[in-house]
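Note sheet for the following structure.
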Amino acid sequence: VRIGIYMSDNSTIDSQGQLLTNDGVPLKESLRKSLRRSKIRSFLLLLPPLLFLLIMFVTPIGSLLSRSIDDININRVFPQTFVQYELWEDKSTIPSEEMFAAVINDIRITHKLKNSEGKNIGKNLLGQSGTRMTYEFSGWRSLLLKTVKEAIKVDKRSKEEIKPYKWEAPYKEKMIKRDKRWGKVEFWQSLGAMKDPYTMGYYLNAVDLRYDANKNIIEKKEHLKIYKTIWMRTLQVSLMVTIFCLLLAYPVSYLLATLPMRTSNLLMICVLMPFWTSLLVRIVAWMIMLQQNGVVNDTLITILPCFEGMVNLPFFGETNIDLCFSDEDRIPMMYNFTGTIIVMTQVLLPFMILPIYSVMRGIPPSYMKAAQNLGATPTRAFIRVYMPQSVPGIGAGCILVFIVAIGYYITPELVGGKDGLMIGNFVAREMQTTLNWGLAAAMGALLLAAVLILYWAYDRLIGIDNLKMG
């Protein structure tokens with residue numbers, strides 16, 4: 001009874017028994033409007049960074065990745081040619097006159113194309129198509145451009161209003177006479193990989209596979225296989241750098257976590273100092289240290305003992321031993337696999353130390369003391385009690401270092417030489433030098449897929465909920 005009287009004194013109830021606010025609005029409706037306004041306010045706060053992310057990251061990446069399957073342009077330039085290709089039965093012999101005529105017709109139609117402003121775009125399309133065809137078989141671009149020059153020539157002496165072309169059907173013998181490469185069946189067979197508007201050819205090329213004339217997947221020739229080796233080297237370098245960073249970072253993190261706070265903070269400055277120095281400056285410093293006449297080799301010559309002479313060894317008798325480290329014995333550590341490992345390990349070491357340290361800092365020291373009081377040795381207490389609690393930090397550091405290392409570019413480019421280059425260097429080469437954006441996009445997509453698979457595997461084995469960055 002008291003509860004009912006209290007509610008009737010402090011609340012307004014309508015005829016349907018609904019609670020009303022002081023404004024006479026049902027309480028449920030008022031709460032619903034308030035919640036809606038809160039959601040709209042939150043959405044408006046998130047809208048600017050969301051738009052920034054979509055415009056600056058998602059859209060460019062999506063556009064680039066779409067190039068990895070896009071073959072629409074060449075199908076627009078040579079529609080008749082690809083129709084005749086489908087009708088070509090015996091692909092081990094040179095095609096018939098109809099396909100040669102289709103090529104000439106497609107060239108002439110494309111060459112006349114203009115955009116909405118009246119500017120000719122056909123020449124550019126033919127050049128792009130030649131570049132795309134060269135990706136499948138070397139020599140296509142020069143062959144196509146040479147043929148375009150002959151195919152578009154008109155008879156200026158003709159009195160007709162529309163000047164006729166100098167080249168008239170049949171075209172087969174004329175094209176082969178103009179360039180013998182038209183008589184090589186390998187050029188025609190390479191068109192099979194480009195006959196569809198969308199292709200997986202770039203992805204196959206990224207793993208040393210290709211399409212044959214019938215669009216069956218086959219391996220490349222042995223001297224053209226390079227990418228499988230690069231992928232394996234990339235995984236090997238990333239794994240080795242991650243392991244070396246873990247071996248170096250774990251004792252350092254433990255030391256920082258167990259020292260007094262004042263001393264730990266001073267040492268932490270040394271860990272963070274590389275972030276205040278340009279990456280390029282650090283790499284150049286390593287180049288000076290690791291070269292043949294650098295600091296490392298000079299130090300080894302200075303400090304290593306030198307012994308040369310005859311020694312009486314069991315089972316071998318008198319043996320001449322030369323243990324001197326001379327100028328001829330200098331270790332090559334630049335422009336090779338070794339230099340890449342050393343420099344990348346030093347550059348990525350802080351990314352391993354920070355997550356492990358942050359987790360270790362939260363482990364109470366009393367746990368180790370309790371284990372030792374119960375009879376465990378310090379080593380056993382560390383392995384059974386302390387180390388399992390640091391696993392989240394180890395996992396976070398390993399996945400962070402591995403993901404950063406797998407896509408590294410500048411360090412292998414400067415110190416790797418031909419033996420230390422990774423997949424990131426080849427992506428840059430395809431983007432900047434060969435301009436094969438489709439292949440670069442395919443390798444980038446495979447790299448992204450590898451990172452996502454690693455993330456999924458970590459979630460299944462350890463659990464992403466246990467991932468701690470501090």
Side-chain angles (χ1 to χ4, degrees), residues 54-56 58-86 95 97-172 174-175 178-179 181-182 187-188 190-191 193-199 201-202 430-441:
L54 288 174
I55 296 173
M56 301 302 295
V58 177
T59 302
I61 291 174
S63 176
L64 178 63
L65 294 182
S66 67
R67 292 175 176 266
S68 64
I69 58 172
D70 184 12
D71 248 350
I72 296 177
N73 284 339
I74 193 169
N75 279 266
R76 289 176 178 171
V77 173
F78 292 102
Q80 300 180 46
T81 302
F82 288 121
V83 170
Q84 290 298 323
Y85 185 90
E86 294 289 350
E97 168 65 24
E98 286 76 9
M99 186 176 287
F100 283 85
V103 172
I104 297 299
N105 291 334
D106 286 334
I107 289 175
R108 288 171 175 172
I109 292 172
T110 304
H111 190 266
K112 295 178 180 179
L113 290 178
K114 297 181 180 180
N115 60 13
S116 58
E117 299 176 355
K119 296 181 179 179
N120 185 282
I121 60 173
K123 296 179 181 179
N124 190 30
L125 289 175
L126 288 169
Q128 292 176 358
S129 299
T131 302
R132 168 66 184 96
M133 296 161 82
T134 301
Y135 297 152
E136 295 298 329
F137 196 85
S138 180
W140 256 120
R141 180 177 172 83
S142 60
L143 174 61
L144 182 63
L145 295 181
K146 183 187 293 187
T147 305
V148 169
K149 292 180 181 179
E150 294 295 331
I152 62 175
K153 286 182 178 180
V154 296
D155 187 2
K156 296 181 180 179
R157 296 177 296 179
S158 175
K159 297 181 180 179
E160 298 181 15
E161 184 177 352
I162 300 177
K163 305 295 183 183
Y165 291 105
K166 285 187 176 182
W167 267 15
E168 296 181 351
Y171 300 104
K172 183 174 181 179
K174 295 177 182 177
M175 292 172 68
R178 183 68 180 87
D179 197 308
R181 287 177 291 181
W182 284 116
F187 280 87
W188 296 101
S190 64
L191 294 175
M194 302 172 280
K195 66 179 183 178
D196 297 321
Y198 298 99
T199 179
Y202 291 117
E430 300 298 338
M431 290 286 291
Q432 300 172 1
T433 306
T434 65
L435 301 181
N436 190 351
W437 285 29
L439 180 56

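Counting from 1, the numbers follow the sequence of the chain as shown.
Of the residues listed (Val77, Ile74, Asn120), the one engaging Leu125 in a side chain to side chain contact (heavy atoms under 4.5 Å, CB included) is Val77, and it is the only one.
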Subject >> Working for side chain to side chain contact (heavy atoms under 4.5 Å, CB included), residues Asn73 and Arg132 >> reply: CA-CA 9 Å; Asn73 284 339; Arg132 168 66 184 96; over 6 Å; no
Original post:
For Leu64 and Arg67, what are the C-alpha separation, side-chain angles and deciding distance, and is it a side chain to side chain contact (heavy atoms under 4.5 Å, CB included)?
Top reply: CA-CA 5 Å; Leu64 178 63; Arg67 292 175 176 266; 4.3 Å; yes
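Judged by distance alone, with hydrogens and angles left aside, the side-chain atoms of Thr147 form a donor-acceptor pair with the main-chain N or O of Leu143 at under 3.5 Å. Under a 3.5 Å cut-off, the side chain of Glu150 and the backbone N or O of Arg178 do not form any donor-acceptor pair. A donor-acceptor contact shorter than 3.5 Å is absent between the side chain of Lys166 and the backbone of Ile152. Side-chain atoms of Asn75 come within 3.5 Å of backbone N or O of Asp71 as a donor-acceptor pair. Checking side-chain atoms of Ser66 against main-chain N and O of Ser63 turns up a donor-acceptor pair under 3.5 Å. In terms of modelled atom types and a separation under 3.5 Å, the side chain of Asn105 and the main chain of Ala101 share a donor-acceptor contact. Panel note: side chain Lys172, backbone Met99; no donor-acceptor pair is recorded below 3.5 Å. Judged purely by atom type and a 3.5 angstrom limit, Asp196 has no side-chain atom pairing as donor or acceptor with the backbone of Thr199. Side-chain atoms of Ser68 come within 3.5 Å of backbone N or O of Leu65 as a donor-acceptor pair.
For Tyr165, the OH atom is densely surrounded, since the number of other residues' heavy atoms within 6.0 Å is greater than 12. Counted within 6.0 Å of CH2 on Trp167, heavy atoms from surrounding residues, nucleotides or ligands total more than 12; the atom is thus considered enclosed.
Contact detail for Glu136 and Ala193: the closest heavy-atom pair is OE1-CB, 3.5 Å. In terms of heavy atoms, Leu126 sits closest to Ile107 at CD1-O, 4.1 Å. Contact record, Gly139 with Thr134: N-CG2, 4.1 Å, taken as the closest heavy-atom pair. Between Pro170 and Glu97, the shortest heavy-atom distance links the atoms CA-OE2, 3.3 Å. When all heavy atoms of Asn436 and Tyr202 are compared, the closest pair comes out as OD1-CE2, 3.5 Å.
To the nearest 0.5 Å, atoms OG1 (Thr434) and CG (Leu439) are separated by 7.0 Å. Remark: Phe82 CZ to Lys195 NZ distance equals 10.0 Å, nearest 0.5 Å. Taking CE of Met194 as the start and CE of Met133 as the end, the distance is 5.0 Å to the nearest 0.5 Å. Between atom CD1 of residue Ile121 and atom CD of residue Gln128 there is a gap of 9.5 Å, rounded to the nearest 0.5 Å. Phe78 contributes atom CZ, which lies 8.5 Å from atom CG of Leu191 (distance to the nearest 0.5 angstrom). For the atom pair CD of Gln84 and CG of Asp106, the computed distance is 9.5 Å after rounding to the nearest 0.5 Å.
Between Phe100 and Trp188, the ring center distance clears the sub-6.0 Å criterion. A centroid separation of 6.0 Å or more is found between the aromatic rings of Phe187 and Trp182.
When only modelled atom types and interatomic distance are considered, Arg141 and Thr131 share a side-chain donor-acceptor pair under 3.5 Å. Checking Arg181 against Ser142 by side-chain atom types alone, a donor-acceptor pair falls below 3.5 Å.
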